[in-house]
Amino acid sequence: MKIAIVCYPTFGGSGVLATELGMSLAEHGHEVHFIAYKKPVRLNNLNNGLFFHKVEVPDYPLFNFAPYELALSTKLVEVIKNNSIDLMHVHYAIPHAYAAYMAKKMLKDQSINVPIVTTLHGTDITLVGNHPSYKTAVTFSINKSDLVTCVSESLKSDTLDQFEITKDIHVIPNFIDINKYNIQQLKCLDENPKVSDEFIITHVSNFRPVKNIRHVINVFNNIQKEINSKLVMIGEGPEKEMAEQLCVELGIFEKVEFLGNTNQVEKKLCHSDLFLLPSSAESFGLAALEAMASKVPVISSNAGGLSEINIHGETGYLTDKDDVESMSNYAISILKDPKVLDEFKTRAYKKAQEFDIKKIVPLYEEIYLKALKPLK
Ligand code: GMT
């Protein structure tokens, strides 16, 4: 198949997932064309059936807001025609599903039929998509997609509750390449064995308000009072400065490392003992799954789809999103007993195996075949 993938090219979960999916599809023999305003950050290799097409949005003094959807739909038409693309897979409804629909209509005008598969990732539904400025167009573009997928049962039910959806929504969870994590674990132990008895607590996100960064710092502050530990904060975003300031105020700045964005999160996770994710909304929680694949138990909120991967009392613990005290107590209970920590690590890894790329990517291939069937 020849597939055009539209995604956000940044470190956010939807872009990461779309890129990993495209790279895996190319390994399965498909031809994959990424279309975005810059090369996706995880797209490290452009041979073997992988292509990237940049959407250029020219500036003009009249534009208060440059019309990205217009440029994207024009680019989609061009790429689809030039490369005989079979289908579009757009990640994140806003504005990708909308632009894809316009592209589909323009192509139809030239007697070219290309179906749209739209994947909903979370904030396009639970936060941004709900806004009155977007809701009508988001509903329309979901309903006009040929097939719709979303990343958790929780997101499916939120979408059906909050929008007038006439389409079936297929749940296909996020995935990880467990093999990549296994290799990294071995390398890690070999090249850089853990020497100190200090526990490592990790958080990875885009530091947006929805991630409750303040809680991450406060939970760690409670942990470090009882357990010799440090906090590793990975990512960049609007709440980072606040987080640094809070660490200074609490007198724990020297126990917290802010590492910025990384393309190789598995390298940072391999020595970690516990992962914190107290988000106020989280459709799936790819960062938590990446931690679990690295044998790291998770203390998270019970928001959205987190309970579909993090199993309370088994792979970690879940609490209400603002319950810093329970999160701290649960974290300490896991860390203070090496046997308990070991059991949590094993179960977290075992659960992560359910979301291995080998099991999940074929589900997308099935969806593509379904979308193409009416055209045959
Ligand atoms: O978590 C973010 O803020 C980034 C966001 C995105 O749209 O890139 O991630 C969303 O999609 C991921 C991949 O499907 C999910 O694992 C995340 O849970 C989801 N984020 C939220 O729902 C807040």
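We count ligands from 1, going down the list as the structure has it; atoms in each ligand are counted the same way. Worth saying up front: this structure is predicted, and the values here are computed from it rather than measured. Scope of the values below: all heavy atoms of this structure, side chains included, with no hydrogens, waters or symmetry mates.
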Trainee: For the residue pair F34 and H53, is the inter-centroid distance of their aromatic rings smaller than 6.0 Å?
Mentor: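 No, the ring of F34 stays outside the 6.0 Å limit from the ring of H53, centre to centre.
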Trainee: Measure centre to centre between the rings of Y101 and Y98, then say whether the value is under 6.0 Å.
Mentor: no
Trainee: Does the side chain of T149 come within less than 4.5 Å of I169's, by heavy atoms?
Mentor: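 No, side chains not in contact.
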Trainee: Any chance you could measure I3, atom CD1, to I80, atom CD1, to the nearest 0.5 Å?
Mentor: 12.0 Å
Trainee: Write out all pairs satisfying ring-ring contact (aromatic ring centres under 6.0 Å, His included) with one or both partners inside residues 282-315, taking only residues at least two apart or from two chains.
Mentor: F284-F355, H312-Y317, H312-Y330
Trainee: In order of chain and number, which residues sit within 4.0 Å of ligand 1 by heavy atom?
Mentor: G12, G13, S14, Y92, H121, G122, T123, V151, N174, N206, R208, K211, A281, E282, S283, F284, G285, L286
Trainee: Considering all heavy atoms of both residues, which atom of A288 and which atom of I309 are nearest to each other, and what is their separation?
Mentor: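 For A288 versus I309, the nearest heavy atoms are CB-CD1, 3.9 Å.
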